[in-house]
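Residue numbers count from 1 along this sequence.
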Amino acid sequence: MPKRVYIYTVGCQMNQLDSQLVADLLDQHGYQVVGSVRQADVILFNTCSVRQHAEEKIYSLLGRLKHLKRQYPEKIIGVLGCMAQKDGEAIFRRAAHVDLVVGPGRLARLPELLAQAAAGTRPLLAISPWSERSDRQTLLAGFEPFDPPRRPQHLQPPFQAYVRIMSGCNKVCSYCVVPRVRGPERCRPPEEIHEEVSRLADAGCLEVTLLGQTVNSYQYRSGGRTIRLADLLSLLHQIEGIRRIRFVTNHPRHMSDDLLQAVRDLPKVCPCFHVPAQSGSNTVLRRMQRGYTVEFYREMLARIRQTVPEASITSDFIVGFCGETEEDFQQTVQLVEEARFKNAYIFKYSPRPGTKAAELYPDDVPLDVKRRRNHQLLQLQNRISLEENQKFIGRQVEVLVEGPSKFGQKAPQTQSSVQLTGRTPCERIVVFPGDRGLVGQFHWIRITGATPTTLLGQLEQHPIEVASCRLERGNWLPVISQ
């Protein structure tokens with residue numbers, strides 16, 4: 001009988017990919033993924049450390065398992081990922097029933113570690129050594145790559161896939177734990193990435209999203225040549241079967257003209273850019289050690305819109321960062337008003353132990369002020385998002401149908417027609433009524449309504465082939481034959 005494993009994931013796309021790779025790796029070692037902790041012999045939490053709320057959620061979930069562990073002491077409970085790397089042995093002190101703590105740089109060893117835990121060797125700690133005084137090569141050696149060969153038959157959903165093209169980060173943002181928990185930047189060879197995407201395409205994958213902490217800083221030197229992200233996009237664009245290519249997350253300093261031109265010229269590359277600004281105040285940006293000014297960010301936005309006019313742009317903002325004044329915040333409001341992002345992810349600052357900000361600056365913005373600024377900025381962005389989405393009403397957009405929406409998931413499985421959801425090339429979410437059999441297919445949707453987060457539509461009865469379309473404002477529109 002196969003051993004059963006339950007995997008719970010919080011955090012970014014990188015964590016979601018790690019969980020998929022862990023599930024596939026464990027499947028090859030005789031494990032079966034199940035949907036509940038009570039069914040499982042092994043319970044794994046793949047964690048995030050970017051914000052305090054994510055960590056508190058995991059510790060709360062671990063606390064709820066205390067009684068289950070007493071009842072079934074043979075169950076193995078493990079904490080993986082960024083929080084595992086950051087907190088290390090402290091996790092055992094806060095949750096003594098945890099058996100295993102494994103950082104991102106040690107995930108390849110998970111089958112071996114689980115075998116040891118099953119044999120009675122508990123607790124087990126497997127994290128990468130990290131020190132600010134360590135040189136780059138020492139740190140790279142400690143953070144082992146985790147990109148095992150994919151088995152596309154286990155891809156869920158089978159038509160979409162994350163593909164890691166680089167790991168770690170070389171930036172020194174004062175608030176961020178990523179370099180400490182994921183190590184220095186390391187880029188995968190382009191041939192390896194091409195082979196992985198080709199295998200995915202052969203298995204029926206239609207859309208890939210290339211992942212990196214600062215994905216547009218990708219560069220790989222080989223044979224006297226430097227391959228950058230624009231070159232990699234051109235290489236992957238040639239793979240037959242792949243219909244869409246996305247990439248996240250970008251850093252403003254690496255938004256090069258050749259990358260913008262690649263997005264403009266390669267039809268499969270989706271015209272959408274996630275480029276975190278974090279603040280609209282130069283004073284705050286310096287304290288954050290972001291390495292650019294607001295003027296630089298505005299110039300970058302102008303270059304994107306000049307080169308790829310149909311592009312959608314999204315961003316991240318932190319409100320209430322150390323020392324942020326009301327004037328600083330109003331400068332952020334002004335940037336959001338001017339930039340007209342498709343959407344923006346807005347977070348209240350929380351100090352992260354081990355970061356420069358936590359070490360150097362007091363967390364001096366009161367919580368009620370953080371909440372008020374968060375609410376104000378979110379209201380502004382919601383108004384802008386609604387206005388931008390309303391421009392799509394009456395248009396026909398091409399959507400890759402991803403599955404039932406949250407509302408549609410509540411419908412009985414026997415009900416064939418439900419509310420479905422999918423995305424446009426410019427990453428707008430579309431919901432519409434349709435048959436479950438449309439999942440995994442491209443279809444044309446006529447937009448009839450909009451909310452700040454969603455386009456509402458109806459399935460076109462006579463869809464048009466992509467080959468007879470042109471790209472305009474992030475959507476494939478029909479070319480009318482004369």
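Cation-pi geometry between Arg253 and Phe296 is not satisfied (NZ or CZ under 6.0 Å from the ring centre, within 45° of the ring normal). Taking the centre and axis of the six-membered ring of Tyr292, the NZ or CZ atom of Arg290 falls outside the cone set by 45° and 6.0 Å.
With hydrogens and angles left out, the side-chain atoms of Gln330 and Gln334 include no donor and acceptor closer than 3.5 Å. Donor-acceptor pairing under 3.5 Å is recorded for the side chains of Asn282 and Glu295. There is a side-chain donor-acceptor pair under 3.5 Å between Thr9 and Ser19. No hydrogens or angles considered: nothing links the side chains of Gln20 and Gln16 as a donor-acceptor pair under 3.5 Å. Between the side chains of Gln160 and Glu402, at least one donor N or O sits under 3.5 Å from an acceptor N or O. Of the N and O atoms on the side chains of Gln213 and Thr249, not one donor lies less than 3.5 Å from an acceptor on the other residue.
With rounding to the nearest 0.5 Å, the separation of CD1 in Ile384 from CZ in Arg340 is 5.5 Å. Between the CG atom in Asn15 and the CG atom in Leu80 there is a gap of 9.5 Å [rounded to 0.5 Å].
At a threshold of 4.5 Å between non-hydrogen side-chain atoms, the residues Ile393 and Thr448 do not count as touching. Residues Ser167 and Arg182 form no side-chain contact, since every pair of their non-hydrogen atoms from C-beta on lies 4.5 Å or further apart. Contact check for Val397 versus Phe392: side-chain heavy atoms found under the 4.5 Å cut-off. Residues Leu206 and Ile242 are not in side-chain contact: their nearest non-hydrogen atoms beyond the backbone lie 4.5 Å or more apart. Two residues are said to be in side-chain contact when any heavy atoms from C-beta on lie closer than 4.5 Å; Leu140 and Gln137 meet this criterion. A 4.5 Å side-chain heavy-atom check between Leu377 and Thr332 finds at least one atom pair inside the cut-off. Met288 is listed as a side-chain neighbour of Tyr175, based on a closest heavy-atom distance under 4.5 Å. Residues Val10 and Asn46 fail the side-chain proximity criterion, which asks for heavy atoms closer than 4.5 Å.
A side-chain donor-acceptor contact under 3.5 Å links Ser217 to the backbone of Thr214. Not one N or O on the side chain of Lys348 forms a donor-acceptor pair closer than 3.5 Å with the backbone of Lys370. A donor-acceptor pair is defined here as one N or O able to donate and one able to accept, closer than 3.5 Å; no such pair exists between the side chain of Thr307 and the backbone of Gln261. At distances below 3.5 Å, not a single donor-acceptor pair connects side-chain atoms of Asp435 with backbone N or O atoms of Ser417. Between the side chain of Arg186 and the main chain of Cys169, no donor-acceptor pair closer than 3.5 Å is present. Under the 3.5 Å distance criterion, the side-chain polar atoms of Asn216 are left unmatched by any main-chain donor or acceptor of Asn250. Under a 3.5 Å cut-off, the side chain of Ser281 and the backbone N or O of Asp328 do not form any donor-acceptor pair. Between the side chain of Ser312 and the main chain of Cys272, no donor-acceptor pair closer than 3.5 Å is present. Counting only distance, with no hydrogens or angles, the side chain of Asn170 and the backbone of Pro184 share no donor-acceptor pair below 3.5 Å. A donor-acceptor distance shorter than 3.5 angstrom exists from the side chain of Thr355 to the backbone of Arg352, with no hydrogens or angles considered.
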### Query
Can you list the steps and then say if Gln419 with Ser405 is a side-chain hydrogen bond (donor to acceptor under 3.5 Å, both in side chains)?
CA-CA 6 Å; Gln419 187 185 79; Ser405 67; 2.5 Å; yes
### Task
Decide side chain to side chain contact (heavy atoms under 4.5 Å, CB included) for Thr453 and Asn343; before the verdict, give the C-alpha distance in whole Å, the side-chain angles of both, and the deciding distance to 0.1 Å.
CA-CA 8 Å; Thr453 58; Asn343 63 276; over 6 Å; no
### Task
Verify side chain to side chain contact (heavy atoms under 4.5 Å, CB included) between His53 and Ser350, making sure each step is shown before the conclusion.
CA-CA 9 Å; His53 176 72; Ser350 59; over 6 Å; no
### Test salt bridge (charged side-chain N to carboxylate O under 4.0 Å, His left out) applied to Glu310 and Arg305, step by step
CA-CA 7 Å; Glu310 71 275 12; Arg305 288 185 166 132; over 6 Å; no
### Task
Could you go through the side chain to side chain contact (heavy atoms under 4.5 Å, CB included) check for Ile165 and Tyr220 one step at a time?
CA-CA 10 Å; Ile165 67 170; Tyr220 190 87; over 6 Å; no
### Message
Tyr162 vs Leu211, test: side chain to side chain contact (heavy atoms under 4.5 Å, CB included). Steps then yes/no.
### Response
CA-CA 7 Å; Tyr162 292 127; Leu211 299 185; 3.7 Å; yes
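Nearest heavy-atom pair across Ala339 and Leu301 is CB-CD1, 3.7 Å. Shortest non-hydrogen contact noted between His443 and Leu438 is NE2-CD2, 3.5 Å. What you find for Ser128 and Gly105 is that their closest heavy atoms are OG-CA, 3.6 Å. Pro104 approaches Gly81 most closely through the heavy-atom pair CD-O, 3.2 Å. Taking each heavy atom of Phe146 and Ala108 in turn, the nearest pair found is CD1-N, 3.6 Å. In this structure, Val308 and Leu260 approach most closely via the heavy-atom pair CG2-O, 3.5 Å.
By the neighbour-count criterion of 12 heavy atoms within 6.0 Å, atom CD of Glu359 is densely surrounded, having more than that number from other residues, nucleotides or ligands. Annotation for Lys171: atom NZ counts as buried by contact number, over 12 foreign heavy atoms lying within 6.0 Å. Within a 6.0 Å radius of CD in Gln156, other residues, nucleotides and ligands contribute more than 12 heavy atoms.
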All N/O donor-acceptor pairs, side-chain side in residues 225-234, below 3.5 Å, sequence neighbours left out:
from, atom 1, to, atom 2, distance (Å)
Arg228, NH1, Gln219, OE1, 2.6
Asp231, OD2, Arg228, N, 2.9
Ser234, OG, Ala230, O, 3.2

What side-chain donor-acceptor pairs closer than 3.5 Å can you find for residues 314-322, not counting sequence neighbours?
from, atom 1, to, atom 2, distance (Å)
Thr314, OG1, His274, ND1, 2.7
Ser315, OG, Val275, O, 3.1
Ser315, OG, Ala277, N, 2.9
Ser315, OG, Tyr297, OH, 3.4
Asp316, OD1, His274, NE2, 3.1
Asp316, OD2, His274, NE2, 3.4

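In terms of the salt bridge (Lys or Arg N to Asp or Glu O under 4.0 Å) criterion, residue partners of Arg164 (sequence neighbours excluded) are, by chain and number, Asp18, Asp147. For the side chain to side chain donor-acceptor pair (under 3.5 Å) test, no residue two or more places apart in sequence or in another chain qualifies with Gln13. Taking Lys342 as the reference, nothing meets the salt bridge (Lys or Arg N to Asp or Glu O under 4.0 Å) condition, with sequence neighbours excluded.
Checked for salt-bridge contact, Arg188 and Glu195 miss the test: no charged N lies under 4.0 Å from a carboxylate O. A salt bridge does not link Arg243 with Glu207: none of the charged nitrogens is closer than 4.0 Å to a carboxylate oxygen. Comment: Glu398 engages Arg244 in a salt bridge, judged by a side-chain N to carboxylate O separation of less than 4.0 angstrom.
The salt bridge (Lys or Arg N to Asp or Glu O under 4.0 Å) analysis of residues 317-326, with sequence neighbours excluded, yields the pairs Glu324-Arg373, Glu326-Arg372, Glu326-Arg373.
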